[in-house]
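Mind having a look at this structure? Questions to follow.
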Amino acid sequence: MITYFGLTRPDGCQIGCFEERCGCGEVPPPEKDSEGRDIFIAQGNGRGMIVIEGKPGASGLPPGILLLPEFASRFDERPDLQILANRPLGNGSAVVCDVGRPPPFGTGGGVPGFPELQFSSSSEVTAALWDLACRFSVQPSAEEACTLDRFGNFAFLGDGTTIQYCDQVSATAAFPKGDTILRARLRDVAGNAGPAAEIVVRNPADAEDSGE
């Protein structure tokens with residue numbers, strides 16, 4: 001089950017670092033939207049680091065670490081980290097796992113959006129789940145976390161967290177202007193899916209620049 005779901009700064013802080021050493025500032029209670037979802041502010045050009053943490057759920061089994069489609073055991077297998085966006089990220093490319101530098105220097109692309117945010121059985125949703133999951137890395141311990149506590153030490157952010165998944169959002173998969181909803185859930189190593197969680201990622205700079 002998910003113990004933390006949010007967007008941090010690229011340096012692993014939830015808010016700004018001190019100047020003398022990278023200790024993160026105290027985190028105020030997050031703003032919430034009308035549905036009660038936490039709102040996170042993207043960095044310039046729709047960037048940041050998506051962080052999802054988990055722990056064993058009702059089954060007592062640990063969350064799985066299957067994030068790459070080439071290691072799937074069945075044709076219809078899905079990743080253990082399942083995350084959807086209600087709007088396209090980057091150019092919304094339907095190519096699975098098109099990570100890397102943008103054209104003309106590479107073939108990097110974005111991720112399609114699904115306004116309904118439903119984990120339906122369609123092949124399009126399956127492809128999008130892989131497309132996002134393969135951009136994440138697995139951090140198996142707090143000492144290897146991609147996030148920092150307020151003293152600048154590597155640390156998990158959620159209560160009871162046993163595993164962390166991190167995606168340093170690339171320019172090719174940046175959040176569009178305005179608000180984007182992300183919906184995520186984790187499976188355990190036996191394939192049992194836990195409850196879903198949702199957050200809002202707001203890209204205010206681009207919205208302001210566009211006059212919206």
Side-chain angles (χ1 to χ4, degrees), residues 1-17 22-33 35-43 47-68 78-85 89 111 117 119 128-170 173 175 180-202:
M1 64 179 294
I2 291 175
T3 55
Y4 179 83
F5 185 15
L7 188 80
T8 72
R9 291 162 45 102
D11 58 16
C13 286
Q14 293 174 278
I15 60 174
C17 284
C22 194
C24 306
E26 293 283 359
V27 180
E31 181 184 351
K32 295 183 181 294
D33 72 354
E35 301 296 323
R37 294 175 290 227
D38 290 343
I39 298 173
F40 296 88
I41 306 301
Q43 304 298 303
R47 305 285 294 280
M49 184 159 57
I50 305 171
V51 178
I52 299 174
E53 297 180 356
K55 68 178 182 180
S59 70
L61 298 172
I65 59 172
L66 177 64
L67 303 182
L68 298 174
R78 288 184 165 185
D80 290 328
L81 168 60
Q82 300 182 1
I83 179 170
L84 290 173
L89 305 181
V111 181
L117 290 175
F119 298 109
L129 292 176
W130 284 118
D131 199 5
L132 259 173
C134 71
R135 299 166 192 263
F136 282 77
S137 62
V138 177
Q139 315 307 127
S141 69
E143 291 74 19
E144 301 169 276
C146 64
T147 49
L148 305 171
D149 63 19
R150 66 188 185 90
F151 303 108
N153 301 312
F154 294 110
F156 291 148
L157 300 178
D159 293 336
T161 294
T162 60
I163 194 168
Q164 184 185 68
Y165 310 82
C166 305
D167 171 27
Q168 192 75 261
V169 177
S170 66
F175 288 96
T180 299
I181 301 170
L182 297 179
R183 188 170 196 243
R185 67 182 183 182
L186 297 175
R187 294 191 319 185
D188 64 25
V189 293
N192 303 302
E198 294 184 359
I199 63 169
V200 176
V201 176
R202 177 166 294 167

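In this chain, numbering begins with 1 at the start of the sequence shown.
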Got a second to check how far I52's CD1 is from L81's CG, nearest 0.5 Å?
->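 Rounded to the nearest 0.5 Å, the CD1-CG separation comes out at 4.5 Å.
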Could you tell me whether the side chain of D11 reaches within less than 4.5 Å of the side chain of L148, counting heavy atoms only?
->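 The answer is no; the side chains never approach within 4.5 Å.
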Indicate yes or no: at least one non-hydrogen side-chain atom of L186 is less than 4.5 angstrom from one of F5.
->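 Not in contact.
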Is R47 reaching over with its side chain to a backbone N or O of V169, donor-acceptor style, under 3.5 angstrom?
->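 Checking the backbone N and O of V169 against the side chain of R47, a donor-acceptor pair under 3.5 Å is found.
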So, T162 side chain and G54 main chain: donor-acceptor pair closer than 3.5 Å or not?
->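 Judged by distance alone, yes, a pair lies under 3.5 Å.
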With sequence neighbours excluded, tell me which residues meet side-chain hydrogen bond (donor to acceptor under 3.5 Å, both in side chains) with T161.
->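 Testing T161 for side-chain hydrogen bond (donor to acceptor under 3.5 Å, both in side chains), a comparison that skips the adjacent residues, returns T3, E53.
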Set of side-chain hydrogen bond (donor to acceptor under 3.5 Å, both in side chains) partners for S59, sequence neighbours left out |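 So S59 forms a side-chain hydrogen bond (donor to acceptor under 3.5 Å, both in side chains) with D188.
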Listed by chain and number, what are the side-chain contact (heavy atoms from CB on, under 4.5 Å) partners of V138, not counting sequence neighbours?
->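 For V138 the side-chain contact (heavy atoms from CB on, under 4.5 Å) partners, ignoring immediate neighbours, are I65, L67, I163, Y165.
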Separation between CG of N153 and OG1 of T147, rounded to the nearest 0.5 Å =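 Taking CG in N153 and OG1 in T147, the distance rounds to 11.0 Å.
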Kindly determine whether L132 and L89 satisfy side chain to side chain contact (heavy atoms under 4.5 Å, CB included), including the steps that lead there.
-> CA-CA 10 Å; L132 259 173; L89 305 181; 4.2 Å; yes
How long is the span from the CD atom in Q14 to the CG atom in D149, to the nearest 0.5 Å?
->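 With rounding to 0.5 Å, CD (Q14) is 10.0 Å from CG (D149).
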When you look at I50 and R135, which way does the side chain to side chain contact (heavy atoms under 4.5 Å, CB included) test go after all the steps?
-> CA-CA 10 Å; I50 305 171; R135 299 166 192 263; over 6 Å; no
So, for C166 and Q139, which heavy atoms are closest and what is the spacing to 0.1 Å?
->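 Heavy atoms of C166 and Q139 come nearest at SG-CG, 3.9 Å.
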Do you know the tightest heavy-atom contact between I2 and A184?
->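 Nearest pair, atom of I2 first, then A184: CD1-O, 3.5 Å.
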Atom pair CD/OG of Q164 and S137 - distance to nearest 0.5 Å =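 Output value for this atom pair is 8.0 Å.
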Can you name the side-chain contact (heavy atoms from CB on, under 4.5 Å) partners of D80, sequence neighbours left out?
->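 For D80, the residues satisfying side-chain contact (heavy atoms from CB on, under 4.5 Å) (neighbours in sequence not counted) are L66, R187.
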Taking all non-hydrogen atoms of both residues into account, name the closest pair between C134 and L68 and its distance.
->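 Closest approach of C134 to L68, heavy atoms only: CB-CD2, 3.6 Å.
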Heavy atoms only: give me the nearest V201-A42 pair and the separation to one decimal.
->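 Taking V201 first and A42 second, the nearest heavy atoms are CG1-CB, 4.1 Å.
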CZ/F40 to CZ/R9 distance, rounded to the nearest 0.5 angstrom?
->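 One gets 15.0 Å once the value is rounded to the nearest 0.5 Å.
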With sequence neighbours excluded, tell me which residues meet side-chain hydrogen bond (donor to acceptor under 3.5 Å, both in side chains) with E198.
->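 If we apply the side-chain hydrogen bond (donor to acceptor under 3.5 Å, both in side chains) test to E198, skipping adjacent residues, the hits are R37, R183.
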Can you sort out the partners of Q168 under side-chain hydrogen bond (donor to acceptor under 3.5 Å, both in side chains), two or more places apart, ordered by chain and number?
->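 Testing Q168 for side-chain hydrogen bond (donor to acceptor under 3.5 Å, both in side chains), a comparison that skips the adjacent residues, returns none.
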Grab the two heavy atoms, one from L7 and one from F175, that are nearest each other, plus how far apart they are.
->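 For L7 and F175, the tightest heavy-atom pair comes out as CD1-CE1, 4.2 Å.
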Point-to-point distance, once rounded to the nearest 0.5 Å, from CD of E144 to CZ of F156 =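 That separation rounds to 8.0 Å.
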Identify the heavy atoms of V51 and C146 that sit nearest to each other, and give their distance.
->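 Reported closest heavy-atom pair: CG2-SG, 4.2 Å.
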